[in-house]
Amino acid sequence: MSYETNTDLDSGPAESAQDSLFGRLVDTLNGLGSIVIALVMVLMCLDVFMRNAFNQPIDGVAEMVAASIIVIVFLQLPATLRHGRMSSADFYLGPLLSKRPIAGKFLRCLLSLAGIIACGLIAYATWPLFTRAWNNNEFFGVEGLFTFPTWPMRLVVFCGATLAAVQYTLLAWQDWREARKESKHD
């Protein structure tokens, strides 16, 4: 639950990112996303090798890469938020936090509320797609050549969006509390 600015990726999360079951879950999903990235890279290299060396491309690589991009984003989104590595308008928010920290934290809280709404809407819209894919045994790909079920991808999107909404909630609460605390001291 932090807005740390951590550009030293080897140092790990700052102390403000509290260790919790939720934090470990989010970081585990982030690790799974990294594993998916590595697998996609190996698959793409193998496909290029097979295509060039034996004129035998691997069926379904394009479909798997397209689906994996979505999976990677939603596996890693909550951890990106948790560790303060989400792209933001720092050219405006940074100076505002320096000069007027209370206003900056209230604004960041408001932006987190927008994130809650956006991620909540994604999760809300994805749940029926997941249940339909599960119930109807939907597949993605080229029939007769290469297909795979769509429900795992839909489930990852739902869970990732839900966890991102929870993370935004924690960040909004943190900023709200800190801004109220600082405003009482002024």
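Worth saying up front: this structure is predicted, and the values here are computed from it rather than measured.
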| note | Sequence neighbours excluded, the answer for side-chain contact (heavy atoms from CB on, under 4.5 Å) partners of L145 is D59, V142

| field | Shortest non-hydrogen contact between P78 and G160, atoms and distance | value | CG-O, 3.6 Å

| request: Run through the side-chain heavy atoms of Ile, Leu, Val, Met, Phe, Trp and Tyr, join any pair under 4.5 Å, and report what else lands in V42's cluster. | output: none

| In terms of hydrophobic clusters joined by side-chain contacts under 4.5 Å, are L25 and V36 together? | yes

| task | Can you sort out the partners of V156 under side-chain contact (heavy atoms from CB on, under 4.5 Å), two or more places apart, ordered by chain and number? | result | V71, F74, L75

| task | Looking only at non-hydrogen atoms, find the nearest pair between I70 and M153 and report the distance. | result | CD1-SD, 4.0 Å

| Residue pairs involving residues 31-53 (criterion ring-ring contact (aromatic ring centres under 6.0 Å, His included); sequence neighbours excluded) | F49-F54

| Euclidean distance, L46 CG relative to L39 CG, rounded to 0.5 Å | 12.0 Å

| request: Give the minimum heavy-atom separation between D27 and A79, together with the two atoms involved. | output: OD1-CB, 4.0 Å

| field | Over all atoms of both residues, closest heavy-atom pair of A67 and F148 | value | CB-CZ, 3.7 Å

| task | Please go through I117's hydrophobic cluster and name the other residues, only I, L, V, M, F, W, Y counting, with side-chain heavy atoms under 4.5 Å joining them. | result | L121

Show me, pair by pair, the donor-acceptor contacts under 3.5 angstrom made by side chains of residues 128-139, not counting sequence neighbours?
unit_1, atom_1, unit_2, atom_2, d
T131, OG1, W127, O, 3.4
T131, OG1, P128, O, 3.0
R132, NE, E138, OE2, 2.7
N135, ND2, T131, O, 3.1

| remark: To the nearest 0.5 Å, atom CD1 of I122 lies from atom CG of L77 at 8.0 Å

| query | Do the non-hydrogen side-chain atoms of R82 and L170 ever get within less than 4.5 Å of each other? | reply | no

| task | Can you tell me which residue pairs pass the ring-ring contact (aromatic ring centres under 6.0 Å, His included) test with a partner in residues 100-122, sequence neighbours excluded? | result | F106-W176

| task | With rounding to the nearest 0.5 Å, note down the distance linking CG in L107 to OG in S112. | result | 9.5 Å

| Results of side-chain contact (heavy atoms from CB on, under 4.5 Å) for I37 - residues two or more places apart only | M41, I72, Q76

| I58 and M44: same hydrophobic cluster, using ILVMFWY side-chain contacts below 4.5 Å? | yes

| field | Same apolar cluster: Y124 and L163, side chain cutoff 4.5 Å | value | no

| note | Separation between CE (M86) and CD (Q167), nearest 0.5 Å, reads 11.0 Å

| Spacing of CG belonging to D175 relative to CG belonging to L113, to within rounding of 0.5 Å | 10.0 Å

| By side-chain contact (heavy atoms from CB on, under 4.5 Å), which residues pair with T162, not counting sequence neighbours? | A123, F158

| field | Partners passing side chain to side chain donor-acceptor pair (under 3.5 Å) against R51 (at least two apart in sequence or in another chain) | value | D47

| Rounded distance [0.5 Å steps], CZ in R108 versus CD in Q174 | 7.0 Å

| field | Residue pair G141 / E63: nearest heavy atoms and the distance that separates them | value | CA-CG, 3.8 Å

| query | Is there a side-chain contact between F146 and M64 (heavy atoms, below 4.5 Å)? | reply | yes

| said: Using the rule side chain to side chain contact (heavy atoms under 4.5 Å, CB included), only one of I35, V61, V65 pairs with V40; which is it? | reply: V65

| field | Heavy-atom pair with the smallest gap, counting every atom of A165 and I116 | value | O-CG1, 3.8 Å

| Hey, any chance I69 and L43 share a hydrophobic cluster, counting ILVMFWY side chains that come within less than 4.5 Å of each other, even indirectly? | yes

